[in-house]
Number of protein chains: 2
Amino acid sequence: MEKRFTRYASIIDRQSKSYYDRALKEYKIGCGQQFFLLWIYESPGVPLTVLSEQGRFDKGTTTKAVQKLKQLGYIRSEQDEKDKRMQKLFVEEKAIPVVEKIYAVREKINSLLSTGFTKEEEALAGIILKKMSENAGTYLTENK
Amino acid sequence: MEKRFTRYASIIDRQSKSYYDRALKEYKIGCGQQFFLLWIYESPGVPLTVLSEQGRFDKGTTTKAVQKLKQLGYIRSEQDEKDKRMQKLFVEEKAIPVVEKIYAVREKINSLLSTGFTKEEEALAGIILKKMSENAGTYLTENK
DNA sequence: ATAATATAGTTGGGTATGCAACGAATTTTG
DNA sequence: CAAAATTCGTTGCATACCCAACTATATTAT
């Protein structure tokens, strides 16, 4: 059978991004910030490196997303006392409505993506995609 | 269960793109052209609109990828006689080694992505991802 | 302790991509 | 048939992203 995993992943990713962009426009952020804002919300004080690792983003990408969130006043950073290179990130009050909106949009997108799936298929999809993304991180990267 | 389909799709897509970029560097193309070159190879005379639809790419994205392939001499276009707006696309001899390379890389990526999968899981992954990408095209887009 | 290495984060540059506005050709409508 | 609407493709602009080079701080090795 012809496998076309990447083609499907690409379509899912692009369409989801476009949906996020439309849904978050009113908050002045795009698809590129949602992941980071929620992660900071869920892990107060998280440093940039951890964000990069968790999303498998380049450090530069993470820096720029974080800068945008900071400019908008949605997060703030504190320098770590012990390691002065490290910035600990926190969500600001102002961002709470945005966080809630992102959760809702994420939920919506994920349920639209699994339209017509049985409960079993949906669970299986989660497991398979997780495994595949782990493989991507392990076997498709240059280093490691 | 918490669904995170988009996160996984995003990682798979980004890592695959990076792999394509590294693997195709010697041919002066990047991840953004592989889909189009193969499709033109498999469907001689295909117009730009069909490429856009099949990959669910924006028309502008398709135009730019096609322009790059043309500049490199990998494809040529012919104006349709009946409908003068339409460009029919064809692969040039020069591109054959590139086409073969892309097939090999695609195969490699897809097999790396399914590392550790049973035959059943692999087949299931294809079915589920296909379905999900169709849902993305149907339910996540603005129009239609 | 000092030199070599490693790590956190930033920056500059390039590619991929979507979106909106456009021009040209075609089709549909009244 | 002429005007309006649609369709094919292009272009300009903006965002997301990776990569490589860099600074500053921290850690390890000699």
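First the proteins, then the strands, lettered A, B, ... as listed; each starts at 1. Any value given below was found using the heavy atoms of this structure, including those in side chains, with hydrogens, waters and symmetry copies removed.
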Shortest non-hydrogen pair, Ile128(B) vs Ala125(A), comes out as CG2-CB, 3.6 Å

Selection from dC19(D), dA6(C), dG18(C) that lies nearest to any side-chain heavy atom of Arg85(A): dA6(C)

Tell me whether Arg14(A) forms a cation-pi arrangement with Phe57(B), defined as NZ or CZ under 6.0 Å from the six-membered ring centre and within 45 degrees of its axis. yes

Ignoring the backbone of Met86(A), work out which of dA25(C), dA8(C), dG9(D) is nearest its side chain. dA8(C)

Check whether Asn110(B) reaches the backbone of Phe5(A) with its side chain - one donor and one acceptor, N or O, closer than 3.5 Å. yes

Between Ser10(A) (side chain) and Thr6(A) (backbone), is there a donor-acceptor pair under 3.5 Å? no

To the nearest angstrom, the NZ-C1' distance between Lys59(B) and dA20(C) comes to 10 Å

DNA chain D: 5'-proximal contact among Thr49(B) and Asp21(A) (nearest heavy atom): Thr49(B)

Asp83(A) CG to dT25(D) P, in whole Å, measures 10 Å

Quick check on DNA chain C: between Val50(A) and Lys68(B), whose nearest nucleotide comes earlier from the 5' end? Val50(A)

Mapping Lys82(A) and Gly30(A) to their closest nucleotides on DNA chain D, which lands nearer the 5' end? Gly30(A)

So which heavy atom on Leu72(B) is nearest to which on Lys94(B), and how close? O-NZ, 2.6 Å

Between atom CG in Leu51(B) and atom P in dT10(D), what is the gap in whole Å? 11 Å

Taking for Gln67(A) and for Ser18(A) the nucleotide of DNA chain C with the nearest heavy atom, the one nearer the 5' end belongs to Gln67(A)

Here the distance between atom P of dA14(D) and atom CG of Leu24(A), to the nearest Å, is 20 Å

Rounded to whole angstroms, how far apart are CG on Leu89(B) and C1' on dG9(D)? 11 Å

For Gln79(B) and dC8(D), is the shortest distance between a side-chain N/O and OP1 or OP2 below 4.0 Å? no

In terms of side-chain heavy atoms of Lys17(B), which of dC19(C), dT25(D), dA16(C) is nearest? dA16(C)

Given dT10(C), is OP1 or OP2 found less than 4.0 Å from the side-chain N or O atoms of Thr63(A)? yes

Could you check Asp83(B) against Arg85(B) for salt bridge (charged side-chain N to carboxylate O under 4.0 Å, His left out), going step by step and ending with a plain yes or no? CA-CA 5 Å; Asp83(B) 189 337; Arg85(B) 294 168 303 182; 2.8 Å; yes

Closest of dC17(D), dG9(D), dG18(C) to the Gln87(B) side chain is dG9(D)

For the side chain of Asp58(B), counting heavy atoms from C-beta on, which of dT26(C), dG18(C), dC19(D) is nearest? dG18(C)

Touch class at under 4.0 angstrom, heavy-atom based, for Gly60(B) against every strand present: base

Side chain of Leu48(A) (C-beta onward), nearest among dT25(D), dA16(D), dG9(C): dG9(C)

Without decimals, in angstroms, what is the distance between Tyr20(B) OH and dC19(D) P? 16 Å

Roughly how many Å is it from CZ in Phe35(B) to P in dT17(C), rounded to a whole number? 10 Å

Rounded to whole angstroms, how far apart are CZ on Phe57(A) and C1' on dC18(D)? 11 Å

Is any side-chain N or O of Lys64(A) under 3.5 Å from a base N or O of dG9(C), one able to act as donor and the other as acceptor? no

What contact category does Gln33(B) fall into here, base, sugar-phosphate, or nothing, at under 4.0 angstrom with non-hydrogen atoms? sugar-phosphate

